[in-house]
Amino acid sequence: MADISLAVRGGEQKGFPVGTTAEAALKELLTSKERKRTVAVRVNGTAMDLATPLATDADLEPVTVDSEEGLALLRHSTAHLMAHAVVDLFGAEVRVAIGPAVADGFYYDFDLAESFSPDDLERIEARMQEIAAGNAPFVRTTMARDEAIRLFDQKGQPYKVELLRELDADTVSLYQVGDFVDLCRGPHLPHAGWLKAVKLTRLAGAYWRGDEKRPMLQRIYGTAFYDAKELKKYLQQLEEARKRDHRKLGKELELFTIQEQVGPGLILWQPKGALLRKLIEDYWKDEHYRHDYELLYTPHIAKIDLWKTSGHLDFYGENMFSSIDIEEVRYQLKPMNCPFHIGIYKSRKRSYREFPVRWCELGTVYRFEKTGALHGLMRVRGFTQDDAHIFCRPDQLEEEIFNILDLNLHILQTFGFAEYDVYLSTRPEKYVGSDEHWEAATEALKLALEKKGLAYEIDPGEGVFYGPKIDIKIRDVLGRAWQCSTIQVDFNLPERFEISYTGEDGREHQPIMIHRALMGSLERFFGVLIEHYAGAFPLWLAPVQARILNITDAQLGYVDQVYRELRAAGIRVEKDDRNEKLNYKIREAQLAKVPYMLIVGDNEMAAGQVTVRLRDGKNLEPMTVAGLVEWLRVESAASMGAAAVAG
RNA sequence: GCCGGCGUAGCUCAGGGGUAGAGCAACUGAUUCGUAAUCAGUAGGUCGCGGGUUCAAAUCCCAUCGCCGGCUCCA
């Protein structure tokens, strides 16, 4: 007797008795191969356990182990398993908070008097394996919310009680695995036997519900995969990321240093890093000149009144260093460049005829960051923005945004970044400016993005209070996303500084102001570049493009000659004329990631040539210095926009 | 700022109450060498800084600075 009819993904319908579980139904609707990869099911679009009894006609969509959703499910279930292990090992006084799946794995937050040690992770992991080995099922039950509150209150689980009190539902679901019961919406895996490839990765503190005023909990992060090989691959990737860590490479390659005596978050650029920065800056300035920008320079401090007028003191005060008294006048170290650019705007009357005005500056700003937030070059207290401000009429906004996007992508591509995540942030709850302005500007941003052919996501309400913005995150060779570019429309500063231009009609109008940074900060961008290329920079960016290695002292004079000729031709060259074996010199040049090694022995000296060894170990045919200069010129240009290599 | 971990030679790290160690780098000398480390010697440290406990502290305790993993924030 068939009471309900079920189908998979709109396929052929089949009849089943009411109360048939999804699992039983899928047994008949799927091939056994598909069934084995299925860990949950979407019933009319809603994710559910396989054990769910079905009461109505439905369309079923299997959730499989090879899907994103299936992986998240595994990790979520693993979080429960971990909580189980923690309670087993640390006793019922452990208070459990929440344990979701996140991007690379999962975490669970706990509250207990003693603190976890790194060794505990291994113990917990071992206990998890024991529980999983028993193939304990995940069992779902439902009960009235009030009953659940009583239950968790009785168990001494205040975080669960708090969550339950805020839930807007009469009945709630609980899941039990082994003898651990947790409040959870589900769904979960059928049983813990799936949870084999698990690794607990790190310990961390985390505020309850991310709120600084709430208790600090202990968070355990971990990850899980269906396949042990996948886990191994993931751990290898972590290892690869560690090898590329810009702080490690920055030290090894002598690119930058941070000294305790100087201060946290303040970067000292060593000669090689400084040279690389000069190359970036020169390129940046050239491109901006080509795109009709004009370059500005502005000071590092200004009277505090400027920051009162701009509103930074009120809205950005907690990110600013405290002010400095100079002859009884208070001055403020700048956290942004915009007020200075406005100062230049105000230096004379402006006409619509000169619009759009495009002013750029590599402006060094200082922002107060909490010590705990600092991180190598990625998060610092003093940094240089590749800033620009564009003043234009409302009707020019869309085209200007388009131009910015165009320049932006061109520059990012030249540095080898071809993948982006683009976000458009719209009006937040608290904002300045009229609704019409917001709407028009947001529309202009959208149109420009679409015209540029960029796929983007909308972040509703995530705009800054003064206007909508576009953020671009670049993806590095390991697939990690980094916030760099930001393009922001500003309705606020033109108003506050009362800037205007004379329009066609002879009247004064308020210009639209756009802030934008493409690389974001030179420091962070440099950090991302280091990790992207693993320190092996493309030829056009390599601080040292070539190093001359002689075989014996007999070639010292020739080494000098080649060195001088290459320098004169503008090649960034070094010489290693130490009395060491060639093997030794090659090894050092290799570790220094120098792209070209120029080997010079008696043969080369006699022929007036150099033998060229590349960073990948291959050799080129011997060539003359003039030939090499031409070769490097071509290769250097070709290396702009070249992709980085992973692994 | 908060939770946890860690600060020993320029770098990577050992030593965990009883005379500060190794490798690499540096320096000196020998060697003159063809595609990822030649050999020998020399020098180098108030064990992050400040208190305390102890006959005795790199080691134990407290405080502080810095770094690391997160939370929060963002270029």
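Lettering follows sequence order; numbering is per chain, from 1.
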task = Could you tell me whether the side chain of A:R379 has a donor or acceptor atom within less than 3.5 Å of a complementary atom in the base of B:rC73?
result = yes
query = Taking atom P of B:rA75 as reference, at what distance in whole Å does atom NE2 of A:H312 sit?
reply = 11 Å
ask   = What distance, rounded to whole Å, do you find between the two C1' atoms, one in B:rG69 and one in B:rA63?
value = 24 Å
query = If you look at every strand shown and take non-hydrogen atoms under 4.0 Å, does A:K585 touch a base, only sugar-phosphate, or nothing?
reply = nothing
request  = With heavy atoms under 4.0 Å as the rule, sort A:Y107 into base, sugar-phosphate or nothing.
outcome  = nothing
request  = Answer yes or no: does a side-chain N or O of A:T371 lie under 4.0 Å from OP1 or OP2 of B:rG1?
outcome  = yes
query = Base, sugar-phosphate, or nothing: which does A:G520 touch, judged by heavy atoms less than 4.0 Å apart?
reply = sugar-phosphate
query = In Watson-Crick or G-U wobble terms, both distances under 3.5 Å, what is the partner of B:rC71?
reply = B:rG1
query = Mind checking the C1' distance from B:rA14 to B:rG21? Whole angstroms is fine.
reply = 7 Å
remark   = Using Watson-Crick geometry (N1-N3 plus N6-O4 or O6-N4) or G-U wobble (N1-O2, O6-N3), each under 3.5 Å, B:rG17 is paired with none
request  = Give the ring-plane orientation class for A:Y466 versus A:H515, where under 30° counts as parallel, over 60° as perpendicular and anything between as tilted.
outcome  = tilted
ask   = B:rC6 C1' sits how many Å from A:E260 CD, rounded?
value = 13 Å
query = Is there a Watson-Crick or G-U wobble partner for B:rU38 with both distances under 3.5 Å, and which nucleotide is it?
reply = B:rA30
message = Are B:rG70 and A:Y221 stacked, with the base six-membered ring and the side-chain ring centres under 5.5 Å apart and planes under 30°?
response = no
query = Below 3.5 Å, does any donor atom in the side chain of A:Y207 face an acceptor in the base of B:rG1, or the other way round?
reply = yes
Plane angle bin for A:Y283 and A:F415 - parallel if under 30°, tilted between 30 and 60°, otherwise perpendicular = perpendicular
key: A:Y108 and A:F110 aromatic ring geometry - parallel, tilted or perpendicular at 30°/60° bounds   = parallel
message = Working note: A:N337 + A:D387, criterion side chain to side chain donor-acceptor pair (under 3.5 Å); need CA distance, chi angles, decisive distance, verdict.
response = CA-CA 8 Å; A:N337 304 302; A:D387 210 355; 2.8 Å; yes
inquiry  = Using whole Å, what does the distance between atom C1' of nucleotide B:rG48 and atom CD of A:Q261 come to?
reply    = 12 Å
Distance-only donor-acceptor test (3.5 Å): side chain A:R524, base B:rC74 = yes
request  = Decide if the gap between the ring center of A:Y456 and the ring center of A:Y423 is smaller than 6.0 angstrom.
outcome  = no
query = Looking for any heavy atom pair under 4.0 Å, which part of the strands does A:A206 touch: base, sugar-phosphate only, or nothing?
reply = sugar-phosphate
ask   = Does a side-chain N or O from A:H375 land closer than 4.0 Å to OP1 or OP2 of B:rG70, or not?
value = no
ask   = Parallel, tilted or perpendicular: which describes the rings of A:W269 and A:F526, with under 30° parallel and over 60° perpendicular?
value = parallel
key: Distance between C1' atoms of B:rA43 and B:rG50 (Å, rounded)   = 30 Å
request  = Take atom C1' in B:rG45 and the same atom in B:rC11, then report the distance between them in whole Å.
outcome  = 14 Å
Nucleotide of B:rG70, B:rU72, B:rU32 approaching A:A204 most closely (side-chain heavy atoms) = B:rG70
inquiry  = Protein within reach of the bases, or only the backbone? For nucleotides 34-46 of chain B, mark each nucleotide 5' to 3' as B, S or -, using heavy atoms under 4.0 Å.
reply    = BBBBB--------
ask   = When you check the phosphate oxygens OP1 and OP2 of B:rG69, does a side-chain N or O of A:R247 lie under 4.0 Å from one of them?
value = yes
query = Do A:E531 and A:W482 have a side chain donor and acceptor closer than 3.5 Å?
reply = no
ask   = Using the ring of each side chain (for Trp, its six-membered ring), is A:W307 parallel, tilted or perpendicular to A:H312, with breaks at 30° and 60°?
value = perpendicular
inquiry  = When the C1' atoms of B:rC71 and B:rG10 are compared, how many Å lie between them, rounded to an integer?
reply    = 35 Å
ask   = Can you tell me how far P in B:rC61 sits from the matching atom in B:rG18, rounded to whole Å?
value = 15 Å
request  = Verify, without hydrogens or angle tests, whether A:Q609 (side chain) and A:T611 (backbone) share a donor-acceptor contact under 3.5 angstrom.
outcome  = no
query = When all nucleic acid strands are considered with a 4.0 Å heavy-atom cut-off, which category describes A:A517: base, sugar-phosphate, or nothing?
reply = nothing
query = Which part of the nucleic acid, if any, lies within reach of A:V365 when heavy atoms closer than 4.0 Å are counted: base, sugar-phosphate only, or nothing?
reply = nothing
ask   = Does B:rU12 have OP1 or OP2 sitting under 4.0 Å from an N or O in the side chain of A:K251?
value = yes
